[in-house]
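Below is one structure; the comments refer to it alone.
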Amino acid sequence: MNKHVMNRRDFLKVTGGFLTVSFLLPSVVFAQHAAEGELPGDLADHPNLSSWIRINADGTVNLFIGKVELGQGATTAVGQVCAEELVIDFSRLHVTAGDTRLSPDEGTTAGSQSMPNCAPGVQQAAAEVREILRNLAAERLGVAADTLTIADGTISAGGNSVTYWELVSDQMLNVEATGKAPLLPVAEHKIIGKSIPRIDIPDKMIGRHRFVHEMTPDGMVFGAVARPPTYKSKLVNVDLAPIEAMPGVLKVVRNGSFLGIIASRQDQAMLAADALSKAAQWDIVADLPGHDGIFEWLQTAESEETEWKNTLQPDAPQGASTHEATYERPYHMHGSIGTSAAVAQMGADGTMTVWTHSQSVWATAAAIEQLLGLEEGKVHAIHTEGSGCYGHNMADDAAADACLLAAAMPGSPVKLQYNRAGEHQWEPYGSAMVNKISASLDAKGDILSWEHHIFSTPHGTRPGGDAGRLLSGRYVEPPFEMPVPSDGGPPNFSATRNGLANYEFPGERVVTHFVREMPLRVSSTRGLGAYANVMAIEQFIDELAVKAEADPVEYRLRYLKEERMRDVLTRCAEAFGWDNFEKGRGKGRGIAIARYKNYAAITAVAIEVQVTPRNGLVRVVRAVAANDSGHMVNPDGIANQVEGGLIQSLSWTLKEEVKFDNARVLSTDWASYPILTFSEVPPVELVLIDRPGEPYLGQGESAQGPAGAALANAIADAVGSRIRRVPFTPDRVKAAVTA
Amino acid sequence: MLNFNLNGGDVSVDAPGDATLLSVLSDDLKQAGPKFGCGLSQCGACSVLIDGAVVRSCQTRADAAVGRSVTTLAGLQENGQPSVLQQAFIDEQAAQCGFCSSGMILVAQSLLDRNPVPTEADVRSALNGNLCRCGTHNRIVRAVLRASEV
């Protein structure tokens with residue numbers, strides 16, 4: 001084993017700064033608390049107001065943003081802060097999100113960052129526009145600016161008034177934000193804090209909205225990709241003639257080991273791609289550890305060690321006892337219901353236009369330019385909604401593949417959607433992880449020291465402008481090298497996200513063993529390392545509470561010092577009826593809490609389960625979640641995200657594991673990779689805590705860890721012993737019952 | 001030529017009879033609604049009604065619709081307005097991404113046609129073959145129950 005050990009001092013040299021997250025003040029990460037005159041959030045990168053807002057003569061307003069709609073409601077919530085500060089009716093607003101030629105480049109829509117970074121930038125931009133218009137109106141009406149009142153875009157003084165749309169042309173907004181325009185007082189908010197219905201939902205319910213999968217441009221043809229049988233396969237030989245003769249096939253594209261089909265109809269393209277895959281001869285490498293071997297592999301593979309925190313006291317008293325445990329999390333899929341898709345068209349002017357549900361339209365466009373050998377700016381990516389997105393799925397790959405095929409048939413719009421196995425077997429999964437925690441305890445069971453070792457492969461392989469991170473980029477000739485991924489440091493972390501406990505212990509040491517090699521393709525999946533790390537921390541502290549014969553809520557409160565976290569935990573327990581819970585045979589309760597990334601949204605979850613000892617079946621009877629996402633812009637949007645994340649996490653924790661042998665992924669469809677169904681989804685009660693005036697914390701991912709851990713703790717409570725390997729399938733639960 | 005009734009109007013499509021009904025609805029008839037989710041009848045995103053009964057259009061041949069009536073999401077609208085069920089989904093904000101919604105709504109409509117006053121258990125059971133990944137299940141159940149109360 002060859003380990004490179006990076007200690008804290010090395011890390012400080014590299015980053016020049018952060019010691020641990022406790023040094024991170026909110027102002028470092030929260031745009032709303034920018035210093036006076038500093039531009040908040042993404043406005044700092046794009047200070048020109050016309051990049052964001054256009055007032056139209058017809059009384060409508062365009063808002064251009066670089067964050068996109070993934071099903072999380074971001075466009076509605078960001079629209080709310082815009083309409084509020086601009087003092088217009090919400091219905092006047094049209095939001096354009098993620099067009100590389102129209103919107104400001106706000107990077108990737110990920111990490112629960114739309115509310116902390118996009119919203120404050122938009123809010124300030126709207127306030128600046130409002131103040132410019134107020135001054136123009138003062139001039140026009142010949143009165144002092146501070147005598148004017150504004151309502152729905154009409155500025156009035158005495159009996160006179162003028163509207164925004166009469167005052168302004170786009171040119172007038174071609175100025176830079178000053179950062180000095182005042183925001184409206186929170187007490188005057190009329191739109192922020194209201195559950196404004198999502199702008200995209202009505203059209204989706206009546207069959208008017210078009211997802212990228214449903215685009216039907218004139219002259220459209222259909223693409224499909226014939227993937228190799230395994231990751232490490234090389235195309236040896238293939239006879240294209242029989243495939244070219246199949247019904248509807250217009251073209252077979254071969255480039256190195258990349259094989260694609262263009263056909264007249266979608267089903268024809270899929271059938272031909274399937275046949276092509278089978279007809280080709282491939283060189284196969286079989287060297288994967290398999291789903292049962294992955295946990296041992298993670299702990300023995302070459303890794304890079306980083307000590308992220310060490311407050312262990314050398315002179316600490318000898319503990320009365322120690323406790324240690326190892327937790328295992330398998331690979332999980334994003335598992336979007338719609339497989340990834342894109343439409344691409346090579347124009348006569350040499351521009352490749354691609355309609356894509358990518359989270360990172362700019363960086364993906366750049367990666368595709370490299371893949372196709374096009375000049376910078378020649379790929380125009382337009383975000384078009386896809387199926388629910390929970391991280392880096394195959395959206396970018398689909399965009400690249402559609403472009404590869406469209407380049408082979410200039411002029412024709414090529415639509416490509418993967419089949420189910422094509423998505424299940426090839427998407428970048430959430431990394432398998434191992435967490436080992438040990439603690440030294442005093443005679444009463446209180447924690448003297450805590451040591452956490454995290455073993456993980458990477459969590460971030462987004463395209464980032466590099467063709468080697470696009471799946472097909474690695475199979476074309478010559479292949480693009482996959483860049484070596486790196487781990488992320490503070491404040492957001494990657495494998496170590498939420499690896500540092502939210503609790504304050506007398507001593508804590510956290511070490512990450514980062515394995516760069518990737519047996520299975522991996523990338524950002526809702527929460528990155530936070531799911532496994534919170535699962536481990538929140539199970540381990542529960543184990544310690546049991547050992548100390550303490551109530552799990554009371555035991556946590558001994559170490560939980562932050563008031564807002566204490567509040568969330570206490571209110572979750574109250575809403576659940578924690579203190580009045582009556583235990584029965586096979587019945588158990590569990591609770592867990594985390595502050596996402598140690599500085600963002602706080603979620604606590606309490607769960608009641610009923611286990612059938614005979615067969616190990618777990619029924620989640622009910623769940624309660626309490627959440628503090630800071631100042632709530634759209635409470636119903638937050639509710640939808642908290643509940644949705646909780647249910648998805650129950651699915652991961654109860655049922656999901658990517659199965660693979662020494663060569664290939666065996667989870668190819670919803671039968672071999674089942675997810676939670678309607679009859680298995682429990683009722684969920686939510687307690688949402690509003691913090692007016694505090695930063696928007698973003699709420700996409702904070703429920704993942706606490707929900708899984710609360711479930712684990714409830715099952716342990718019900719059966720009296722602990723299963724430390726996810727998922728908690730009936731066979732594992734049954735084994736725990738008899739243990 | 002494949003001739004059938006789509007959402008109350010007669011249509012005639014020049015497509016192979018063995019094409020999937022989903023591809024004919026989506027690509028020839030340009031219906032936004034039925035989705036390709038798995039192509040295996042496992043997720044329900046492609047669900048449409050033929051003569052009022054649910055079919056998985058990804059695994060149904062297009063010629064199975066000949067001479068019959070096909071209903072997609074758009075066809076549930078009444079006088080250009082959302083139907084009671086569609087309005088209930090809007091009112092409950094019963095979606096996150098909305099990709100599965102078309103299939104959910106059509107399966108729920110079929111349930112309400114058979115059983116106008118379903119229990120919550122009836123609704124969950126009817127929708128068990130439709131997968132949702134965003135975790136919006138409870139809102140969807142509430143929307144169906146809300147529509148049944150109108």
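So that the names make sense, note that chain A is the first sequence line, chain B the second, and so on, each numbered from 1. No hydrogens, no waters, no symmetry mates; every other heavy atom, side chains included, goes into these values. Everything numeric here is computed off the predicted structure, so don't read it as measured data.
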(request) Kindly indicate, with the supporting measurements, whether the criterion side chain to side chain contact (heavy atoms under 4.5 Å, CB included) is fulfilled by B:Gln59 and B:Thr20. (result) CA-CA 6 Å; B:Gln59 292 264 291; B:Thr20 63; over 6 Å; no

(request) Determine the option with the most heavy-atom pairs under 4.5 angstrom with chain B, choosing from A:Ala421, A:Ser387, A:Gly388. (result) A:Ser387

(message) Students often mix this up, so state it plainly: with edges at 30° and 60°, are the rings of A:Tyr673 and A:Trp670 parallel, tilted or perpendicular?
(response) tilted

(request) Identify which of A:Arg420, A:Lys204, A:Met205, A:Glu69 forms the greatest number of heavy-atom pairs closer than 4.5 Å to chain B. (result) A:Met205

(request) Let me know which of A:Asn634, A:Asn627, A:Asn640 forms a side chain to side chain donor-acceptor pair (under 3.5 Å) with A:Gln699. (result) A:Asn627

(message) Heavy-atom cut-off 4.5 Å, strictly under: side chain, backbone, both or neither for B:Leu131 against chain A?
(response) both

(message) Using a 4.5 angstrom heavy-atom cutoff, name the option from A:His334, A:Gln266, A:Arg208, A:His209 with the most pairs to chain B.
(response) A:His334

(message) Quick one: does any side-chain atom of B:Ser47 pair with a main-chain N or O of B:Gly44 as donor and acceptor, under 3.5 Å?
(response) yes

(message) I'd like to know if A:Arg622 pairs up with A:Glu685 as an ion pair, taking the criterion as any Lys NZ or Arg NE/NH1/NH2 lying under 4.0 Å from an Asp or Glu carboxylate oxygen.
(response) no

(request) Examine whether an atom of A:Ala639 lies under 4.5 Å from a heavy atom of chain B, and if so say whether it belongs to the side chain, the backbone or both; otherwise answer neither. (result) both

(request) Please state whether the side chain, the backbone, both or neither of B:Pro34 comes within less than 4.5 Å of a heavy atom of chain A. (result) backbone

(request) Taking only Lys NZ, Arg NE, NH1 and NH2, and the carboxylate oxygens of Asp or Glu, determine whether B:Arg61 and B:Asp18 approach each other closer than 4.0 Å. (result) no

(message) Check this for me, if you would: do A:Arg198 and A:Asp203 make a salt bridge, where the nitrogen-to-carboxylate-oxygen distance has to be below 4.0 angstrom?
(response) no

(message) Does this structure show an ion pair linking B:Arg142 with B:Glu92, if we count only N-O contacts that are shorter than 4.0 Å?
(response) yes

(message) Can you tell me which portion of B:Ser102 sits under 4.5 Å from chain A's heavy atoms? Options are side chain, backbone, both or neither.
(response) neither

(request) Sort B:Leu127 into side chain, backbone, both or neither according to what part of it lies under 4.5 angstrom from a heavy atom of chain A. (result) both

(request) Please flag which part of B:Asp91 lies under 4.5 Å from any non-hydrogen atom of chain A: side chain, backbone, both or neither. (result) neither

(message) Out of B:Ala126, B:Ala94, B:Pro16, return the one with the most heavy atom pairs under 4.5 angstrom to chain A.
(response) B:Pro16

(request) Say whether, by atom type as modelled, one donor and one acceptor occur between the side chain of A:Thr356 and the main chain of A:Ser358 under 3.5 angstrom. (result) yes

(request) Heavy-atom distances under 4.5 Å only: say whether A:Pro247 touches chain B with side chain, backbone, both or neither. (result) neither

(request) Please look at A:Gln268 and chain B and tell me whether the side chain, the backbone, both or neither of the residue comes under 4.5 angstrom of a heavy atom of that chain. (result) side chain

(message) Taking B:Lys35 first and then A:Glu214, would you say they form a salt bridge - that is, a charged N and a carboxylate O separated by under 4.0 Å?
(response) yes

(message) Is A:Gln417 close to chain B through its backbone or its side chain, or both, or neither, when contacts mean heavy atoms under 4.5 Å?
(response) side chain

(request) Would you check if the distance from the ring center of A:His357 to the ring center of A:His213 is below 6.0 Å? (result) yes

(request) Answer with side chain, backbone, both or neither: which region of A:Leu650 has an atom nearer than 4.5 Å to a non-hydrogen atom of chain B? (result) neither

(request) Find out whether the Lys NZ or Arg CZ of A:Lys415 is both under 6.0 angstrom from the six-membered ring centre of A:Phe222 and within 45° of the ring's axis. (result) no

(message) For A:Tyr418, which atoms come within 4.5 Å of any heavy atom of chain B: side chain, backbone, both, or neither?
(response) backbone

(message) Heavy-atom pairs under 4.5 Å with chain B - which of A:Ile647, A:Val681, A:Thr677, A:Asp200 has more of them than the others?
(response) A:Val681

(request) Against chain A, work out which of B:Gln87, B:Gln42, B:Met104 has the most heavy-atom pairs shorter than 4.5 Å and name it. (result) B:Gln42

(message) Can you tell me which portion of A:Ser264 sits under 4.5 Å from chain B's heavy atoms? Options are side chain, backbone, both or neither.
(response) neither

(request) Heavy-atom distances under 4.5 Å only: say whether A:His424 touches chain B with side chain, backbone, both or neither. (result) neither

(request) Go through the atoms of B:Ser125 and report whether side chain, backbone, both or neither lie under 4.5 Å from a heavy atom of chain A. (result) neither

(request) With a 4.5 angstrom heavy-atom cut-off, could you sort out which part of B:Gln31 is near chain A: side chain, backbone, both or neither? (result) backbone

(request) Below 4.5 Å from any heavy atom of chain A, which atoms of B:Gln86 appear? Answer side chain, backbone, both or neither. (result) both

(message) Need one label for A:Met215: side chain, backbone, both or neither, based on atoms under 4.5 Å from any heavy atom in chain B.
(response) neither

(message) Which one wins on heavy-atom pair count under 4.5 Å against chain A: B:Thr136, B:Asn128, B:Ile90?
(response) B:Asn128

(request) Against chain A, label B:Leu22 side chain, backbone, both or neither, depending on which of its atoms sit under 4.5 Å from a heavy atom there. (result) neither

(message) Does any backbone or side-chain atom of B:Ala45 lie under 4.5 Å from a heavy atom of chain A? Answer side chain, backbone, both or neither.
(response) side chain

(message) Looking only at heavy atoms and a cut-off of under 4.5 Å, which of A:Leu271, A:Thr339, A:Asp636 has the most pairs with chain B?
(response) A:Asp636

(request) Would you confirm whether the ring centroid of B:His137 sits within less than 6.0 angstrom of the ring centroid of A:Phe678? (result) yes

(message) Working note: B:Asn7 + B:Thr72, criterion side chain to side chain donor-acceptor pair (under 3.5 Å); need CA distance, chi angles, decisive distance, verdict.
(response) CA-CA 7 Å; B:Asn7 298 331; B:Thr72 67; 2.9 Å; yes

(message) For the interface with chain A, which of B:Gly75, B:Ala19, B:Ala121, B:Gly129 has the highest count of heavy-atom pairs at distances below 4.5 Å?
(response) B:Ala19

(message) Closer than 3.5 angstrom, by distance alone: can the side chain of A:Ser649 be matched with the main-chain N or O of A:Gly645 as a donor-acceptor pair?
(response) no

(request) Decide if the gap between the ring center of A:Tyr531 and the ring center of A:His332 is smaller than 6.0 angstrom. (result) yes

(message) Quick check for you: among A:Glu680, A:Gln648, A:Gln641, which has the greatest number of heavy-atom pairs under 4.5 Å with chain B?
(response) A:Gln648

